Amino acid sequence: MMSRSVAKSASWSDVKLKPWHNTQKQQVTATRSMLAIEMRDRGQNRKPLQRGRNLSIEAIQAVQHLKRAHLHSNPLDHVFNSKFRRLLKFDMIAVLRELLRQNHCLLALKVFEDIRKEQWYKPQVSLYADMIQGFNALLKCLVGFKLRDLVVDCYELMKTVGCEPDRSSYRTVINGLEAMEEVAFSGIIRQDAFKYYGDLEFLEEDEEDIAAYC
């Protein structure tokens, strides 16, 4: 039986990883999934651009050019300089929200990092909430492919960019790592969750119940 207790004194330096084996085909599939989560049932789940109050024509063009460059692994610098950085403040935010809405999580993160460099930028609760939802979608994808190292990297990246994991994040990461029998990793993250929430009962709850008070 896997231990559900929180380790008293653990750190990342104490963790010894088990060998992770995967075929080349599985690695390629997993990497593609990480770069574009929406590839799952892509034809059925494709979400059209929402023109109108949320997106100007310039913002729509920026989204399209960013997605095209990202899809073909082309350098994004030219698109950022020619399409994105020329946008107004509200159009930049609209582009970020649109990419998150379409589950282009890693591309949205690049846009978010660029927005944070703007002089006018100030942290917005609603914007960080959208980013956390995007991270959670990426975490679920990585856990589904059992990409242990990337799950932990994604979790750490959330904290690095100021998007504190919520209950859904912790539930996905901890339960996912324990399903992979990575108890050392999950024990450290359990510590983080315990410090933040005070108890870990939500780990046993359904996703719908967690969403009610995240």
Side-chain angles (χ1 to χ4, degrees), residues 32-142 150 153-173 207-208 210-214:
R32 288 177 178 174
S33 179
M34 180 185 66
L35 292 175
I37 295 176
E38 76 284 355
M39 71 184 295
R40 294 174 298 174
D41 300 325
R42 190 169 185 174
Q44 298 177 4
N45 294 335
R46 177 173 293 179
K47 301 176 182 178
L49 290 171
Q50 294 182 339
R51 180 181 175 185
R53 182 182 63 180
N54 296 325
L55 285 177
S56 66
I57 294 176
E58 291 79 8
I60 290 175
Q61 292 176 343
V63 170
Q64 291 173 336
H65 280 81
L66 285 167
K67 287 169 56 179
R68 190 176 300 117
H70 192 58
L71 178 64
H72 296 290
S73 300
N74 295 331
L76 292 173
D77 289 344
H78 176 70
V79 179
F80 272 102
N81 287 327
S82 63
K83 296 294 181 181
F84 182 72
R85 293 182 182 130
R86 296 182 179 184
L87 296 176
L88 298 174
K89 168 184 175 181
F90 296 106
D91 283 337
M92 286 185 172
I93 299 297
V95 168
L96 173 59
R97 294 187 188 279
E98 181 63 23
L99 291 171
L100 287 170
R101 189 183 71 86
Q102 295 191 31
N103 288 336
H104 287 276
C105 301
L106 294 184
L107 184 54
L109 178 59
K110 294 179 184 295
V111 169
F112 180 60
E113 291 175 338
D114 206 73
I115 287 177
R116 292 175 68 192
K117 299 175 184 177
E118 295 289 334
Q119 292 183 349
W120 50 259
Y121 173 76
K122 293 182 180 180
Q124 300 179 23
V125 174
S126 61
L127 190 59
Y128 275 92
D130 290 341
M131 288 298 300
I132 290 172
Q133 289 181 7
F135 271 113
N136 287 345
L138 180 57
L139 283 170
K140 290 177 182 177
C141 181
L142 297 176
L150 291 177
D153 287 346
C154 185
Y155 168 78
E156 289 296 324
L157 181 59
M158 288 184 73
K159 297 190 295 182
T160 299
V161 300
C163 296
E164 285 297 326
D166 60 10
R167 287 182 174 87
S168 182
S169 311
Y170 282 118
R171 181 178 183 274
T172 298
V173 173
E207 190 68 26
E208 292 76 10
I210 294 176
Y213 52 80
C214 273

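We count residues from 1, following the sequence as given. Just so we're clear, the structure is a prediction, and the values are computed from it rather than from any experiment.
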Taking the side chain as C-beta and beyond, is there a heavy-atom pair between Met158 and Ile132 under 4.5 Å?
yes
Asn74: partners by side-chain contact (heavy atoms from CB on, under 4.5 Å), with sequence neighbours left out:
Ala69, His72
Nearest-0.5 Å distance, CG of residue Leu139 to OH of residue Tyr155
10.5 Å
Is there a side-chain contact between Met131 and Leu96 in this structure, where contact means two heavy atoms from C-beta onward sitting under 4.5 Å apart?
yes
Could you tell me if the side chain of His104 sits less than 4.5 Å from the side chain of Leu66, heavy atoms only?
no
May I ask you to check whether Gln64 and Lys83 show a side-chain donor-acceptor distance below 3.5 Å?
no
Would you please name every residue forming a side chain to side chain donor-acceptor pair (under 3.5 Å) with Glu164, sequence neighbours left out?
none
How long is the straight-line distance from CG of Leu88 back to CD of Glu58, given to the nearest 0.5 Å?
8.0 Å
So, taking the atom named NZ in Lys140 and the one named OG in Ser169, what distance separates them when rounded to the nearest 0.5 Å?
9.0 Å
Results of side chain to side chain donor-acceptor pair (under 3.5 Å) for Asn81 - residues two or more places apart only:
Arg85
Tell me, do Met92 and Glu118 make a side-chain contact under 4.5 Å, heavy atoms counted?
yes
side-chain contact (heavy atoms from CB on, under 4.5 Å) against Ala59, all qualifying residues, sequence neighbours excluded:
Leu55, Ser56, Asp91, Val95
Would you call Asn136 and Asp166 a side-chain contact if the rule is heavy atoms closer than 4.5 Å?
yes
Here the gap from Leu99 atom CG to Leu106 atom CG, rounded to the nearest 0.5 Å, amounts to 11.0 Å
Just wondering, do Leu157 and Leu109 contact through their side chains at under 4.5 Å, heavy atoms?
yes
Measure the CG-CG distance between Leu76 and Leu107 for me, rounded to the nearest 0.5 Å.
6.5 Å
Contact list for residues 117-138, test ring pair (Phe, Tyr, Trp, His ring centres under 6.0 Å), sequence neighbours left out:
Phe112-Tyr128
Results of side chain to side chain donor-acceptor pair (under 3.5 Å) for Thr160 - residues two or more places apart only:
none
Looking at Lys110 and Glu113, does any basic side-chain N land under 4.0 Å from a carboxylate oxygen?
no
What I'd like to find out is whether the side chain of Phe84 reaches to under 4.5 Å of the side chain of Val79, using heavy atoms alone.
no
Kindly compute the distance separating CD1 (Ile60) from NE2 (His65), expressed to the nearest 0.5 Å.
12.5 Å
